[in-house]
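For reference, the structure discussed in these notes is given below.
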There are 2 protein chains.
Amino acid sequence: MRPSKRDELVQEALKVFYQNGFTATGMDMLVKKTGISKTSMYKHFRTKDDLILAVLRLRDEQLRNWFFRRVEELASSPLGQLLAVFDVLEEWFQQPDFQGCMFIKASSEFQRADDPIYNQCTEHKKLMFSSLLKIVRQLETDQGNLSSEIAEALTRQLFLLKEGAIILKHMRVSVSAGLEAKEAAVSLLQANGIRGV
Amino acid sequence: MRPSKRDELVQEALKVFYQNGFTATGMDMLVKKTGISKTSMYKHFRTKDDLILAVLRLRDEQLRNWFFRRVEELASSPLGQLLAVFDVLEEWFQQPDFQGCMFIKASSEFQRADDPIYNQCTEHKKLMFSSLLKIVRQLETDQGNLSSEIAEALTRQLFLLKEGAIILKHMRVSVSAGLEAKEAAVSLLQANGIRGV
DNA sequence: TCCTATATGAACAGATCAGTATATATACAT
DNA sequence: ATGTATATATACTGATCTGTTCATATAGGA
């Protein structure tokens, strides 16, 4: 089995699902937009849901890699990286094809608690949280005076800002939700006794 | 035209749409779940989208009224009310039928920029923002030293926390996202020079 | 050349979707 | 009692959905 056709399908389907929604996108539309035959699609994926799961796996890898690579490009210190998180968020928002968070949207369309798609969405958010926690723990090590409970609590607070910014941007409450979240993050870091911010 | 049947339909449809999603709920399912005939439904609403818009109007009124009535019950001072916002949020999350924010979910299913449903969802968020801003402005008047730009910025930061909490709760990252947001709100208020918090 | 793997197009099945048509029932006001 | 408004059940239309079937094309390896 050559992998290229399958990967091509997943990559193209991602774009269509992201811009058009999952339920609103039929398999026939995918045929039209990707040029790949329906027969081929169902040779690679037993059901549409399986294709969606593969799309979300790709998006998870794509987004987390891009996001934290950009964070590392913008800053090297843990503190700098925590603030860079919100600059990268703003970069994401300013991309012309930004259409909200694919996982929030998917979890809205497939909201049954036992739906594999829903559960894969929650998994993505937990992975994003873990990556953020990792940076906060490095900051903790650097500064020496943070208990690990504070690290978890601080990470959750920063994560609240990040997810809130995605919603405010997607729902047109804010134009620069990433930068607003960054200012709030500065306050939270200072309030938690982080030095140097 | 007796209003009761129409209102009954909107109220019952709200429950079904909220628990089951908009696209995933067909008109035939609404007939089954509400006991109201399809003929009646289409006498009151020309299309399914019109029914959804009516449901969202009801939900907007319902949620904003309940939310800020509870806030006023819990506290009388502007500062107390700002903190109570997050207690009420937590109350909402702990309701056994909590299934996320209906407007975030609807805007995920109807994401075209010119879709009336999408636009009604953004409108709801703007109204929630305005109500929050009103409390912050009262606080501003009380404390006398806040410029109105700071009031807007502070409101946006609190709103970030509120929306983030909805996502973290709905996507199972946090169990008590409302209380976590409240702690962050305390820090933000202090960082913005609010006295008495 | 022949075999195999992978691709394609096109028609189809069976279900479900939004919305309509028709005929009928119920309740109330005059 | 009779007209009017609102309700009902049921069957239907035509479109669209996921997924299948089948016949065929293409390309590479032995």
Side-chain angles (χ1 to χ4, degrees), chain A residues 1-57 105-106 108-112 114-118 120, chain B residues 1-57 105-106 108-112 114-118 120:
Chain A
M1 187 195 301
R2 262 196 244 86
S4 71
K5 207 73 183 178
R6 183 194 145 112
D7 291 356
E8 187 193 332
L9 168 59
V10 176
Q11 280 167 23
E12 293 301 312
L14 192 154
K15 296 179 197 165
V16 184
F17 282 140
Y18 183 55
Q19 293 297 324
N20 201 60
F22 295 94
T23 310
T25 303
M27 298 302 275
D28 288 318
M29 182 188 282
L30 283 182
V31 171
K32 229 180 85 180
K33 295 254 183 181
T34 66
I36 297 170
S37 69
K38 208 197 281 197
T39 323
S40 287
M41 291 181 181
Y42 280 99
K43 214 146 249 164
H44 289 298
F45 300 100
R46 279 183 47 259
T47 64
K48 184 187 181 185
D49 279 13
D50 281 352
L51 171 60
I52 293 176
L53 286 170
V55 163
L56 291 176
R57 266 190 295 274
K105 295 195 295 182
S108 296
E109 291 200 49
F110 306 90
Q111 55 178 336
R112 262 184 36 244
D114 61 342
D115 193 309
I117 296 176
Y118 176 81
Q120 190 161 314
Chain B
M1 186 196 300
R2 260 193 248 88
S4 70
K5 206 71 183 180
R6 184 194 145 110
D7 292 355
E8 187 192 333
L9 167 59
V10 176
Q11 282 167 23
E12 292 301 312
L14 192 153
K15 296 179 198 167
V16 183
F17 282 139
Y18 182 56
Q19 293 297 324
N20 200 60
F22 296 94
T23 311
T25 302
M27 297 302 273
D28 288 318
M29 183 189 282
L30 283 182
V31 171
K32 229 179 85 180
K33 295 254 184 183
T34 67
I36 297 169
S37 69
K38 206 196 281 197
T39 321
S40 287
M41 291 181 182
Y42 279 98
K43 214 144 250 164
H44 289 297
F45 299 99
R46 279 183 48 259
T47 64
K48 184 187 181 185
D49 279 14
D50 281 353
L51 172 59
I52 292 175
L53 286 169
V55 163
L56 291 177
R57 266 190 294 274
K105 295 195 295 182
S108 297
E109 291 199 50
F110 306 89
Q111 55 178 338
R112 262 184 37 243
D114 61 343
D115 193 309
I117 296 176
Y118 175 82
Q120 191 160 314

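By convention in this document, chain letters (A, B, ...) are assigned in the order of the sequence lines, proteins followed by strands, and residues within each chain are numbered from 1.
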Figure out the [atom1]/[atom2] separation between [X] and [N], and round it to whole Å.
X	N	atom1	atom2	result
A/Phe45	D/dG19	CZ	P	13 Å
A/Leu30	D/dT18	CG	P	8 Å
B/Asp50	C/dG19	CG	C1'	13 Å
A/Asp49	D/dC17	CG	P	15 Å
A/Lys5	D/dA27	NZ	P	12 Å
A/Glu8	C/dT6	CD	P	16 Å
A/Ile36	C/dG9	CD1	P	11 Å

Query - Partners passing side-chain contact (heavy atoms from CB on, under 4.5 Å) against A/Tyr42 (at least two apart in sequence or in another chain) - result: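 Per chain and number, A/Tyr42 pairs via side-chain contact (heavy atoms from CB on, under 4.5 Å) with A/Met27, A/Lys38.
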Requested in this report: Could you list the residues that satisfy side-chain contact (heavy atoms from CB on, under 4.5 Å) with A/Lys33, not counting sequence neighbours?
Outcome: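 Per chain and number, A/Lys33 pairs via side-chain contact (heavy atoms from CB on, under 4.5 Å) with A/Val16, A/Met29.
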Partners meeting side chain to side chain donor-acceptor pair (under 3.5 Å) with [X] (sequence neighbours left out):
X	value
B/Ser37	B/Ser40
A/Arg57	none
B/Glu12	B/Lys15
B/Thr23	B/Glu109

Pull out every protein N or O sitting under 3.5 Å from an N or O of nucleotides 21-26 of chain C, one pair per line with the distance.
none

Query raised in the report: Between the main-chain N or O of A/Gly21 and the side-chain N or O of A/Lys105, is there a donor-acceptor pair closer than 3.5 Å?
Result: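 No, because the side chain of A/Lys105 does not come within donor-acceptor range (under 3.5 Å) of the backbone of A/Gly21.
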List every contact pair, protein side and nucleotides 15-18 of chain C side both N or O, where the distance is under 3.5 Å.
{"residue": "C/dA18", "atom": "OP1", "partner": "B/Lys48", "partner atom": "NZ", "Å": "2.7"}
{"residue": "C/dA18", "atom": "OP2", "partner": "B/Met27", "partner atom": "N", "Å": "2.8"}

**Report entry** For A/Asp49, salt bridge (charged side-chain N to carboxylate O under 4.0 Å, His left out) partners two or more places apart
**Finding:**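 Checked A/Asp49 against salt bridge (charged side-chain N to carboxylate O under 4.0 Å, His left out); zero matches.
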